[in-house]
Undergrad: 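Please see the structure below; I have some questions.
Below, each value reflects all heavy atoms present in this structure, side chains not excepted, and no hydrogens, waters or symmetry copies. Letters go in sequence order (proteins before strands), and every chain restarts at 1.
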Number of protein chains: 2
Amino acid sequence: MGRIEYKQYDRFLVAVDCIIFGFDGSGLKALLIKRRIEPEAGKWSLMGGFAEHQESINDAAARILLNLTGLDKIYMEQLHCFGDVERDPGGRVISIAYFALIKIDESDADKLDAHQAKWIDLKKLPTLIFDHKKMIKLAKERLQQKVSNHPIGFELLPHKFTLQQLQALYEAIFERSFDKRNFTRKILSLGILQRLDEKEKTSSKKGAFYYVFDKKKYKQLENEGIQLI
Amino acid sequence: MGRIEYKQYDRFLVAVDCIIFGFDGSGLKALLIKRRIEPEAGKWSLMGGFAEHQESINDAAARILLNLTGLDKIYMEQLHCFGDVERDPGGRVISIAYFALIKIDESDADKLDAHQAKWIDLKKLPTLIFDHKKMIKLAKERLQQKVSNHPIGFELLPHKFTLQQLQALYEAIFERSFDKRNFTRKILSLGILQRLDEKEKTSSKKGAFYYVFDKKKYKQLENEGIQLI
DNA sequence: ACAAAAGTGTTGTCTGTACACCCATGC
DNA sequence: GCATGGGTGTACAGACAACACTTTTGT
């Protein structure tokens with residue numbers, strides 16, 4: 001069966017835009033670039049690109065993320081297809097938005113520089129091209145929802161982290177504070193964290209234990225679903 | 001600013017496929033058609049069509065739904081973009097899937113006949129073309145999730161309905177049974193149902209009160225979020 | 001010895017769940 | 001008067017939220 005049908009229908013440019021989240025200990029950040037092509041060259045933008053025929057849309061998203069950050073095997077999830085007629089003044093382009101969670105210090109600094117990419121706090125977003133601000137807003141909502149039931153927050157933290165870092169992350173994502181005692185009890189009761197014998201000593205004299213996320217224990221729980229927040 | 005850029009990139013056919021849910025008192029149903037174009041003509045399929053340049057993707061979905069059912073102003077939500085390279089043997093087509101909830105008796109029977117459309121119980125799906133079964137599976141999961149927090153289930157019921165119909169709907173969506181007393185208490189405690197003075201008398205001698213969904217009261221609650229299940 | 005962050009328990013309230021009987025009516 | 005589905009209450013258990021003091025150790 002050849003690819004001979006469907007001749008008479010309109011064809012579209014298909015863009016992929018990536019909302020890349022990171023966390024540096026204080027606020028939740030998105031990775032933004034200075035756009036290099038017209039229209040709107042020089043303006044703040046999400047990292048994006050056009051899908052190609054020989055790759056799936058998911059693969060296109062992975063390629064674009066790799067291109068900017070040098071990272072692959074990253075947590076990434078399709079967000080939404082944005083398909084308004086006038087969303088891109090450069091043409092009839094639909095955009096499939098993806099959001100990704102990366103460890104902020106693992107990205108390739110040279111590549112980021114080459115794209116003039118910056119980590120920008122979600123509370124201090126500049127003007128963005130097209131519908132990119134809407135995309136980020138939706139991505140943040142989806143992240144909140146997802147994080148409530150899945151332990152994907154760990155994708156944003158270093159391999160080992162303290163409970164305080166974890167709590168700070170959740171507070172940044174949900175833009176609210178949690179009671180330290182309740183938070184600790186809840187998280188530990190899930191049984192998906194493993195305490196190391198090592199302590200983080202830079203931010204206190206007593207020192208705080210490091211923990212690691214135990215993926216195996218989580219896999220066991222996954223089907224029942226977990227309630228984190 | 002003309003539409004002169006982006007010349008060198010690949011262009012895609014963009015399909016829209018609609019998962020149309022309905023409820024007839026027993027099982028949850030999806031509206032399927034016999035496909036009329038090659039490839040795979042004559043096979044069971046979701047209702048779909050190609051997006052056109054002068055319409056948004058959302059508008060395309062609404063057009064396709066109207067085309068099949070004669071209905072507009074229907075609850076419809078974008079589900080996911082399916083973008084695998086080989087998903088459609090007829091060409092490099094990406095598909096944006098939408099799911100819709102309609103009142104099964106309000107659809108236009110002549111139009112359904114014209115497309116050889118049938119309401120098929122989700123538990124008895126036939127073989128479907130392409131990735132359509134995957135689409136339905138994902139749509140059902142999304143419906144469950146959405147219905148847990150939003151009163152969209154009412155879109156599937158007649159304007160006035162009994163508590164038993166409502167419970168049967170939820171049991172069909174979640175594929176489990178609920179305790180009648182707990183279900184009634186929970187639903188009524190939300191304060192979004194209004195009891196009519198009228199009773200449904202065909203299925204019992206005592207008769208069951210009709211209720212209507214009170215949209216205004218729901219709007220007041222919407223921001224807090226509601227927990228239905 | 002003191003400053004600074006780490007770590008830890010108890011109580012009351014709310015929410016979910018399990019469970020069984022009387023009611024109204026048409027026949 | 002009886003069969004049929006309609007409608008209702010209670011008690012227990014688990015989850016959540018509010019709340020403050022002691023511990024460790026580097027200086």
Undergrad: Could you give all pairs that pass the salt bridge (charged side-chain N to carboxylate O under 4.0 Å, His left out) test and reach residues 194-209 of chain A, with sequence neighbours left out?
TA: A:Lys160-A:Glu198
Undergrad: Checking side chain to side chain donor-acceptor pair (under 3.5 Å) against B:His115, which of B:Arg35, B:Arg36, B:Lys34 comes through?
TA: B:Arg36
Undergrad: Kindly state which residues belonging to residues 164-191 of chain A come within less than 4.0 angstrom of DNA chain D, counting heavy atoms of the residue only, listed by number.
TA: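 Within residues 164-191 of chain A, the residues near DNA chain D are A:Asp179, A:Arg181, A:Asn182, A:Arg185, A:Lys186.
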Undergrad: Any salt bridge between A:Arg181 and A:Asp179, counting N to O under 4.0 Å?
TA: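 A salt bridge is present here (some side-chain N lies under 4.0 Å from a carboxylate O).
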Undergrad: Ignoring hydrogens and geometry, is there a side-chain-to-backbone donor-acceptor pair from A:Gln167 to A:Phe178 under 3.5 Å?
TA: yes
Undergrad: Is there a donor-acceptor contact under 3.5 Å from the side chain of A:Gln227 to the main chain of A:Ile229?
TA: yes
Undergrad: Is B:Lys103 reaching over with its side chain to a backbone N or O of B:Leu157, donor-acceptor style, under 3.5 angstrom?
TA: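 Yes.
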Undergrad: Checking the side chain of B:Asp131 only, and the main-chain atoms of B:Lys134 only, is there a donor and an acceptor separated by less than 3.5 Å?
TA: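 Not confirmed, B:Asp131 side chain does not pair with B:Lys134 backbone.
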Undergrad: B:Tyr170: which residues meet the ring pair (Phe, Tyr, Trp, His ring centres under 6.0 Å) condition with it, sequence neighbours left out?
TA: B:Phe183
Undergrad: For the residue pair A:Phe21 and A:Phe99, does the interplanar ring angle fall in the parallel (under 30°), tilted (30 to 60°) or perpendicular (over 60°) class?
TA: perpendicular
Undergrad: Nucleotide range of DNA chain C contacted by chain B, 5' to 3', under 4.0 Å to a heavy atom?
TA: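 The contact span of chain B on DNA chain C goes from C:dG16 to C:dG26.
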Undergrad: Any sub-3.5 Å donor-acceptor pair from B:Lys123's side-chain atoms to B:Leu28's backbone N or O?
TA: no
Undergrad: Which nucleotide span of DNA chain D, 5' end to 3' end, has atoms closer than 4.0 Å to non-hydrogen atoms of chain A?
TA: D:dC16 to D:dG26
Undergrad: For DNA chain C, find the residues of residues 194-207 of chain A with a heavy-atom distance under 4.0 Å and give them by number; none if there aren't any.
TA: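 Listed by number, they are A:Ser203, A:Ser204, A:Lys206, A:Gly207.
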Undergrad: Looking at B:Asn182 and B:Arg185, what are the two nearest heavy atoms and their distance?
TA: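 It is OD1-NH2, 3.0 Å.
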Undergrad: So, B:Gln165 side chain and B:Thr162 main chain: donor-acceptor pair closer than 3.5 Å or not?
TA: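 At least one qualifying donor-acceptor pair exists.
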